[in-house]
2 protein chains.
Amino acid sequence: MSIARSRSVTISDVAQTAGVSRAAVSKVIRNAYGVSPAMRVRVEAAIAELGYRPSVAARALRGSSYRLALEIPWVGARFMTQIVEGAQLAVDGTPYQLVLAPAEGHAYGTLESMADGMVDGIIAIAPLTDPEWLEAFAARVPVVMIGRHDHPRGYDTVVGDDVGGANAVMDHLLGLGHRRIVHLTEPETVTAPGSGTPHSVRLQVYRDRMATAGLSDLVEVVRRDDSRAGTLAATRELLARDDRPTAIFAGHDDIAMDALAGVAAAGLTGRVAVTGYDDTDLAQHPLIDLTSVDQQGVEMGARAATMLLERLQGRTEPRRHVATATLRVRGSSGRVVS
Amino acid sequence: MSIARSRSVTISDVAQTAGVSRAAVSKVIRNAYGVSPAMRVRVEAAIAELGYRPSVAARALRGSSYRLALEIPWVGARFMTQIVEGAQLAVDGTPYQLVLAPAEGHAYGTLESMADGMVDGIIAIAPLTDPEWLEAFAARVPVVMIGRHDHPRGYDTVVGDDVGGANAVMDHLLGLGHRRIVHLTEPETVTAPGSGTPHSVRLQVYRDRMATAGLSDLVEVVRRDDSRAGTLAATRELLARDDRPTAIFAGHDDIAMDALAGVAAAGLTGRVAVTGYDDTDLAQHPLIDLTSVDQQGVEMGARAATMLLERLQGRTEPRRHVATATLRVRGSSGRVVS
DNA sequence: GCCTCACTGTAGACCGTTCTCCGCAGCCCT
DNA sequence: AGGGCTGCGGAGAACGGTCTACAGTGAGGC
């Protein structure tokens with residue numbers, strides 16, 4: 001038995017087997033113009049016989065890699081599942097392959113790394129990225145950003161209707177008679193006013209609605225800790241007070257899970273309303289039964305991918321898709337304030 | 001203002017700016033032998049000045065891409081979060097970048113696609129892949145498989161102690177006095193006897209333990225449906241029977257979530273014991289409080305990545321890591337059978 | 001019978017790296 | 001002084017595709 005290194009089969013091997021030029025083989029696999037039926041048959045037979053697969057690296061060097069990157073801040077975030085599912089759906093049936101790029105810490109490194117010739121385009125969820133930097137980046141590689149409220153020139157955006165969604169939450173809670181409503185959200189960096197992140201918008205709506213309801217002095221914003229323990233502690237402390245909140249408006253479902261854990265730890269399950277955002281599969285689970293805002297994550301992912309594909313077709317003017325937000329009322333907020 | 005296409009800066013530009021050859025620049029960025037301190041300084045200055053970044057495609061064509069792929073069956077699976085986190089940890093600090101490849105349907109296409117020159121090595125979670133095919137595949141690109149009980153020649157494996165874990169679950173449930181224990185698991189394809197998948201092993205242990213406990217005629221295996229609704233219906237039907245099970249041993253935590261939903265829908269919450277597997281973050285949530293088996297997912301991911309890095313260093317003999325399995329008893333199974 | 005033209009297929013440059021030689025100094029050793 | 005050796009840097013061939021130009025060929029128009 002030969003220890004022969006299994007050197008992979010190249011386009012030259014196929015060309016030789018089929019008795020044609022490399023260029024001809026290239027044309028066939030790219031479905032390019034100028035191929036006779038007879039040649040196509042012969043080349044395809046040779047490809048099948050040899051089990052030839054084009055090298056992505058070689059392709060990418062001159063043409064395209066047929067890979068799209070989807071950069072995600074953290075794989076564990078439930079919302080990501082929806083985005084990924086949608087993007088995958090949109091990419092299915094095209095020659096493109098979706099790869100996920102988890103960003104460790106800041107997204108810049110990951111984004112640049114992806115752009116270094118490995119992918120033809122990038123979908124990114126990176127709320128904290130500097131707009132100027134992004135514009136420059138998007139000049140180099142096609143980009144679609146998810147969850148940004150800015151109006152860029154060089155890339156597309158897909159974003160939820162955070163104003164509508166947050167208002168729906170506040171409508172709901174205020175309508176139930178809640179006054180001590182606390183907003184549990186991401187750390188300050190993610191919610192800086194005017195930063196255009198979804199969470200900054202939701203926070204602003206919270207403040208506004210509290211103000212117009214005459215509840216300005218009851219406004220309370222609690223930041224989520226990166227550690228679950230920290231968030232839990234903050235929540236417990238909050239709930240230990242005499243004037244404890246009767247409702248918690250959480251920035252998204254994962255945060256809401258922490259809130260629910262805190263409420264449970266304080267022995268107050270069912271006595272403090274909790275709402276989430278994103279309507280993840282967890283929210284629908286009977287043991288969680290979380291009121292949440294459905295912003296069509298799957299649709300968002302699909303739209304983002306579709307937009308990116310359009311850009312790869314040549315479109316350059318920026319486009320923007322705003323997903324509708326719909327409140328899904330469930331048990332976690334269902335009890336009217338006693 | 002120039003509409004100049006921002007052609008990215010190449011190694012030639014750097015070489016020209018620094019007044020050296022391309023080969024010299026290449027040596028510097030690869031930290032290769034044969035570089036004087038003086039030249040290094042000049043080259044690095046030029047790199048910084050021009051903002052040069054090596055093209056991954058060009059690198060991959062000749063050398064390596066410095067990318068590792070982690071193929072995952074479904075992004076939504078909670079267990080994946082642990083694996084990814086661990087792998088990322090192990091890769092941090094190395095020149096390698098981790099990319100995630102979601103497999104749509106069968107893994108073969110995704111794996112081949114990744115191997116087509118885009119990555120230097122592959123970590124895969126693909127229980128259903130044919131061993132022979134895998135051996136051939138692994139001859140082409142370094143591979144580490146997660147969750148396979150076979151003993152391959154050409155690739156490494158990281159697997160949990162499914163025998164120990166499943167036995168711990170059965171010990172626990174039998175010890176609590178349960179007799180009508182049903183096993184809720186994946187579809188048959190994933191649990192075929194002798195297939196070596198974790199779920200086939202857990203199933204076998206379940207059967208064996210039921211048999212040795214003299215409960216052979218109470219053995220009941222329910223298959224999970226891909227659709228949540230289907231699983232829910234099956235569970236409800238199960239629980240509607242007169243001789244309904246008093247305990248459900250679920251194949252993993254996501255399945256256990258379905259089981260809990262079914263139990264809740266039947267109005268039996270707290271009266272049917274449910275156990276999961278993987279000890280995901282959900283299991284630890286107070287509202288779920290799921291007894292589960294901790295098989296150190298993070299450690300498994302890290303070990304897989306480390307093994308792959310070793311292979312890239314030149315190791316060829318196959319290695320195998322078996323993660324210990326520890327039962328974490330929580331409320332979902334805590335009540336002794338009445 | 002000649003010119004044009006559409007259709008096929010090929011030759012060969014090119015993409016941006018890596019990597020294997022190879023040359024050139026300068027130094028030490030005999 | 002001649003002959004290695006060592007340390008540094010460069011030339012140039014890969015790598016496996018894509019793509020632009022161009023050559024050949026037969027048909028159709030005049």
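Below, chain A is the first sequence line, B the second, and so on; all start at residue 1.
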Test salt bridge (Lys or Arg N to Asp or Glu O under 4.0 Å) on R140(B) and E112(B) and set out the steps.
CA-CA 10 Å; R140(B) 195 148 66 93; E112(B) 294 214 292; 3.7 Å; yes
Under 3.5 Å: donor-acceptor pair, side chain of T197(B), backbone of V190(B):
yes
Under 3.5 Å, is there a donor on one side chain and an acceptor on the other for Q97(B) and S113(A)?
yes
Among residues 33-46 of chain B, which ones have heavy-atom contacts with DNA chain C below 4.0 Å?
none
Going by atom types alone, do S65(A) and D120(A) pair a side-chain donor with an acceptor below 3.5 Å?
yes
What's the NZ-P distance between K27(A) and dA21(D), to the nearest Å?
14 Å
Using the side chain to side chain donor-acceptor pair (under 3.5 Å) rule, collect all pairs that involve residues 301-314 of chain A, keeping only residues at least two apart or in two chains.
D156(A)-R311(A), E299(A)-R303(A), R303(A)-H321(A), E310(A)-R315(A), E310(A)-R319(A)
In terms of ring plane angle, is the pair W133(B) and Y108(B) parallel, tilted or perpendicular, where the classes change at 30° and 60°?
perpendicular
What I'd like to find out is whether the side chain of V43(B) reaches to under 4.5 Å of the side chain of I29(B), using heavy atoms alone.
no
Whole angstrom value for the distance that separates C1' of dA11(D) from CD1 of I11(B):
14 Å
So the salt bridge (Lys or Arg N to Asp or Glu O under 4.0 Å) pairs with at least one residue in residues 141-153 of chain A (sequence neighbours excluded) are R148(A)-D150(A)
Specify the separation, in whole Å, of atom CG of L61(A) and atom P of dC15(C).
9 Å
Quiz item: R62(A) side-chain donor-acceptor pair to dC19(D) base, under 3.5 Å:
no
Which residues within residues 17-24 of chain B lie with some heavy atom under 4.0 Å of an atom in DNA chain D?
V20(B), S21(B), R22(B), A23(B), A24(B)
Measure from the side-chain heavy atoms of I29(B) and tell me the nearest of dC19(D), dT18(C), dG16(C).
dT18(C)
Which residue in the set L134(A), V144(A), L308(A) passes side chain to side chain contact (heavy atoms under 4.5 Å, CB included) when paired with Y155(A)?
L134(A)
Rounding to a whole Å, what distance do you find between D116(B):CG and dG17(D):P?
9 Å
If we count only N and O atoms by modelled type, under 3.5 Å, do the side chains of R30(A) and S26(A) hold a donor and an acceptor together?
yes
Looking only at side-chain atoms of R30(A), point me to the closest of dC19(D), dG16(D), dC19(C).
dC19(D)
Looking at R320(B), is its backbone amide N or carbonyl O close enough to the side chain of T157(B) to form a donor-acceptor pair, meaning the two atoms are under 3.5 Å apart?
no
When the C1' atoms of the five terminal pairs at each end define the local axes, what inter-axis angle does the helix from dG1(C)-dC30(D) to dT30(C)-dA1(D) show, to 10 degrees?
50°
Let's see if you get this right: which residues in residues 48-60 of chain B place a heavy atom under 4.0 Å from DNA chain D?
none
Between dG17(D) atom P and I47(A) atom CD1, what is the distance in whole Å?
10 Å
For the residue pair T110(A) and P102(A), establish whether any side-chain heavy-atom pair is separated by less than 4.5 Å.
no
Tell me which nucleotide among dC19(D), dG16(C), dG10(D) gets nearest to the side chain of T10(B).
dG16(C)
Close side-chain approach of M145(B) to P152(B), heavy-atom, < 4.5 Å
no
May I ask you to test the M114(A)-V99(B) pair for a side-chain heavy-atom distance under 4.5 Å?
yes
